[in-house]
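Each remark here refers to the structure printed beneath this line.
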Amino acid sequence: MDAYDRTVFADTRALKDTPRWALARSDADARPEALLADFSCAVGHSLTPKTAPALFTLVSALRDAVKAEVKEQKAIARRPRPFIGNDAPICVARKADATADYAYPSGHATTGWSAALLLSSLFPAQTAPILARGREYGESRVVCGVHWASDVWAGFVTGSVVFAQFVSNPAHAALLAAARREVAAQKTMSGGLDQKRCTMEDEGKIVAPLTQIGKGIE
């Protein structure tokens with residue numbers, strides 16, 4: 001696993017300043033409002049706190065559940081980030097306290113995948129593009145250089161677990177019901193998309209960093 005992780009990290013440094021790098025930089029924002037924007041192209045219409053307030057509240061609650069779970073796991077694993085001890089390029093500014101900002105599992109990958117599962121349950125007709133976007137969102141952390149590939153795989157697994165626990169928790173039933181009603185009322189909605197963002201996502205899809213090792217990532 002260590003050899004795989006190090007190979008993926010080294011290979012993906014070649015993606016600096018490519019369209020996939022730009023997407024990774026955009027995906028670095030994991031706030032709930034940013035998540036709605038990140039999945040809007042996959043859903044097919046613009047999602048914002050204003051146009052989908054119930055969905056925003058639901059995604060925010062899911063994000064809180066993810067943060068709690070990931071914080072606990074990181075405190076146990078205490079795995080250093082891949083850019084520690086080297087000057088390899090990463091897509092975000094290096095934190096002064098990066099040595100205490102642990103890598104495993106990836107919080108962004110966990111957040112993105114759990115959000116993808118949630119949104120695909122609310123927009124079943126768009127399941128394929130939503131799940132593809134969730135995978136890309138997690139992979140962006142590898143492209144960015146701030147997570148090892150295995151951190152992201154672990155994030156996908158953790159995201160699945162958090163999602164299952166979240167939707168089965170009676171405390172979230174009212175939030176889920178409100179979001180379903182909101183989505184049902186907006187079934188005919190379309191458009192309002194940020195075409196520049198959608199184009200950036202389309203251009204970034206040509207790279208699958210978790211499976212392209214040794215195949216000349218470009």
Side-chain angles (χ1 to χ4, degrees), residues 1-30 34-35 38 62-63 65-117 131-165 201 203-218:
M1 182 61 72
D2 183 67
Y4 164 72
D5 277 338
R6 293 184 182 281
T7 299
V8 173
F9 177 70
D11 282 1
T12 51
R13 296 314 86 214
L15 293 172
K16 184 178 183 295
D17 297 330
T18 67
R20 188 63 185 86
W21 188 266
L23 179 58
R25 183 181 290 117
S26 176
D27 286 344
D29 187 348
L35 279 173
D38 287 328
L62 177 62
R63 170 65 174 147
V66 166
K67 289 173 69 175
E69 178 63 26
V70 168
K71 181 179 181 180
E72 183 175 332
Q73 290 193 34
K74 286 190 176 187
I76 296 171
R78 301 173 67 87
R79 187 185 198 187
R81 300 272 183 167
F83 60 85
I84 299 297
N86 59 70
D87 59 358
I90 62 175
C91 81
V92 294
R94 292 174 183 255
K95 295 181 179 180
D97 61 345
T99 56
D101 184 23
Y102 301 116
Y104 184 96
S106 166
H108 279 71
T110 305
T111 297
W113 189 245
S114 61
L117 293 174
L131 293 183
R133 184 69 182 97
R135 187 199 74 243
E136 293 158 5
Y137 188 88
E139 290 176 337
S140 282
R141 304 307 281 168
V142 173
V143 174
C144 192
V146 293
H147 277 289
W148 303 103
S150 57
D151 300 337
V152 172
W153 286 117
F156 292 156
V157 173
T158 304
S160 297
V161 172
V162 172
F163 166 74
Q165 293 174 336
E201 291 178 14
E203 291 176 343
K205 289 177 181 177
I206 62 173
V207 176
L210 297 186
T211 57
Q212 282 185 285
I213 55 171
K215 299 181 180 179
I217 292 178
E218 296 178 353

Between Val162 and Ala65, the two heavy atoms sitting closest are CG1-CB, 4.1 Å
Here the gap from Leu15 atom CG to Leu23 atom CG, rounded to the nearest 0.5 Å, amounts to 11.0 Å
So, Arg25 versus Ser140: side-chain donor-acceptor pair below 3.5 Å or not? no
Validation row: Cys91, Val143 side chains within 4.5 angstrom (heavy atoms) = no
Answer yes or no: does atom CG of Asn86 have more than 12 heavy-atom neighbours from other residues, nucleotides or ligands under 6.0 Å?
yes
Requested in this report: Report the C-alpha separation of Glu69 and Thr110 in whole Å, then their side-chain angles, then the decisive distance to 0.1 Å, and conclude whether the side chain to side chain contact (heavy atoms under 4.5 Å, CB included) test is met.
Outcome: CA-CA 9 Å; Glu69 178 63 26; Thr110 305; over 6 Å; no
d(Glu136 CD, Leu131 CG) to nearest 0.5 Å is 11.0 Å
Query raised in the report: Under 3.5 Å, side chain of Arg133 to main-chain N/O of Asp38, donor-acceptor pair present?
Result: yes
Whether over 12 other heavy atoms sit under 6.0 Å from Tyr104 OH
no
With side chain to side chain contact (heavy atoms under 4.5 Å, CB included) as the test, would you mind laying out the steps for Gln73 and Tyr102 before giving the verdict?
CA-CA 10 Å; Gln73 290 193 34; Tyr102 301 116; over 6 Å; no
- Would you check if the side chain of Arg13 reaches a backbone N or O of Pro89 as a donor-acceptor pair within less than 3.5 Å? yes
Audit row: Cys144, Val92, side chain to side chain contact (heavy atoms under 4.5 Å, CB included) steps and yes/no:
CA-CA 7 Å; Cys144 192; Val92 294; 4.0 Å; yes
*Whether His147 side chain and Ala103 backbone form a donor-acceptor pair below 3.5 Å*: yes
Looking only at heavy atoms, the pair that brings Ile90 and Phe83 closest together is CG2-CB, 3.8 Å
Residues pairing under salt bridge (Lys or Arg N to Asp or Glu O under 4.0 Å) where one sits in residues 89-116, two or more places apart or in two chains, turn out to be Arg81-Asp101, Lys95-Asp101
Those residues at least two apart in sequence (or on a different chain) that pass ring-ring contact (aromatic ring centres under 6.0 Å, His included) with Phe9 are Trp148
Contacts of Ser26 meeting side chain to side chain donor-acceptor pair (under 3.5 Å) (sequence neighbours excluded), chain-then-number -> none
Check your understanding: Do the rings of His108 and Tyr137 sit parallel, tilted or perpendicular, given the 30° and 60° boundaries?
Key -> parallel
More than 12 heavy atoms of other groups within 6.0 Å of Lys74 NZ:
yes
Taken to the nearest 0.5 Å, the spacing of Phe156 CZ from Ser106 OG works out to 8.0 Å
- Task: Inspect the contact between Asp151 and Arg79 and indicate whether a charged nitrogen and a carboxylate oxygen are less than 4.0 angstrom apart.
- Result: yes
